[in-house]
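Read through the structure below, which is laid out as structure tokens, and then see the notes.
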Amino acid sequence: MTKNNKLYPSVFKMITNFTKELSTYIANGSPNVTEEDYKDRLETCLGCPSLKRDAMRCKTCGCMIENKAKWKTTSCPEDKWKIQDVKE
């Protein structure tokens, strides 16, 4: 099976990923990216073969992209998003 056709990570891994991302987001004061950065992130994801478009979920991490892309503390598991300064 090629990377582009793989299924999501296991449910345990997706829960672990989400819990880690949520904890970091909350610990940093719940900062969100700018509207422009949010649109850039979504556009990047729309061009990525790891996106499961019908669910808007990443096949690499299993996250729901429309939510994950808003959080300044998150990053693309394939390093396709620009790095955000959480302190700004």
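Since the model is a prediction, treat every value here as computed from it, not as a measurement.
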ask   = For Ile83, which fellow cluster members are found when Ile, Leu, Val, Met, Phe, Trp and Tyr are connected by side-chain heavy-atom distances below 4.5 angstrom, either directly or through intermediates?
value = none

inquiry  = Going by salt bridge (Lys or Arg N to Asp or Glu O under 4.0 Å), name the residues that satisfy it together with Asp37, two or more places apart in sequence or in a different chain.
reply    = Lys82

ask   = Got a sec, which residues hit salt bridge (Lys or Arg N to Asp or Glu O under 4.0 Å) with Lys80, two or more places apart in sequence or on another chain?
value =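 For Lys80 the salt bridge (Lys or Arg N to Asp or Glu O under 4.0 Å) partners, ignoring immediate neighbours, are Glu78.
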
For [X], give me all partners under side-chain hydrogen bond (donor to acceptor under 3.5 Å, both in side chains), at least two apart in sequence or on another chain.
X: Thr73; value: none
X: Asn32; value: Tyr25
X: Lys52; value: Asp54

key: Pairs involving residues 19-34, ordered by first then second residue, that meet salt bridge (charged side-chain N to carboxylate O under 4.0 Å, His left out) (sequence neighbours left out)   = Glu21-Lys68

request  = Can you tell me which residue pairs pass the salt bridge (charged side-chain N to carboxylate O under 4.0 Å, His left out) test with a partner in residues 24-36, sequence neighbours excluded?
outcome  = none

key: Glu43: partners by side chain to side chain contact (heavy atoms under 4.5 Å, CB included), with sequence neighbours left out   = none

message = Taking side chain to side chain contact (heavy atoms under 4.5 Å, CB included) as the definition, give me every residue that meets it alongside Lys72, ordered by chain and number, with sequence neighbours left out.
response =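 By the side chain to side chain contact (heavy atoms under 4.5 Å, CB included) rule, Lys72 matches Pro31, Val33, Gln84, Glu88.
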
query = Which pairs count as ring-ring contact (aromatic ring centres under 6.0 Å, His included) when at least one residue sits in residues 41-68, sequence neighbours excluded?
reply =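 Every candidate ring-ring contact (aromatic ring centres under 6.0 Å, His included) pair involving residues 41-68 fails, so no pair, neighbours aside, qualifies.
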
inquiry  = For residues 29-63, which residue pairs pass the ring-ring contact (aromatic ring centres under 6.0 Å, His included) check, not counting sequence neighbours?
reply    =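 Passing the test, one end in residues 29-63: no pairs.
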
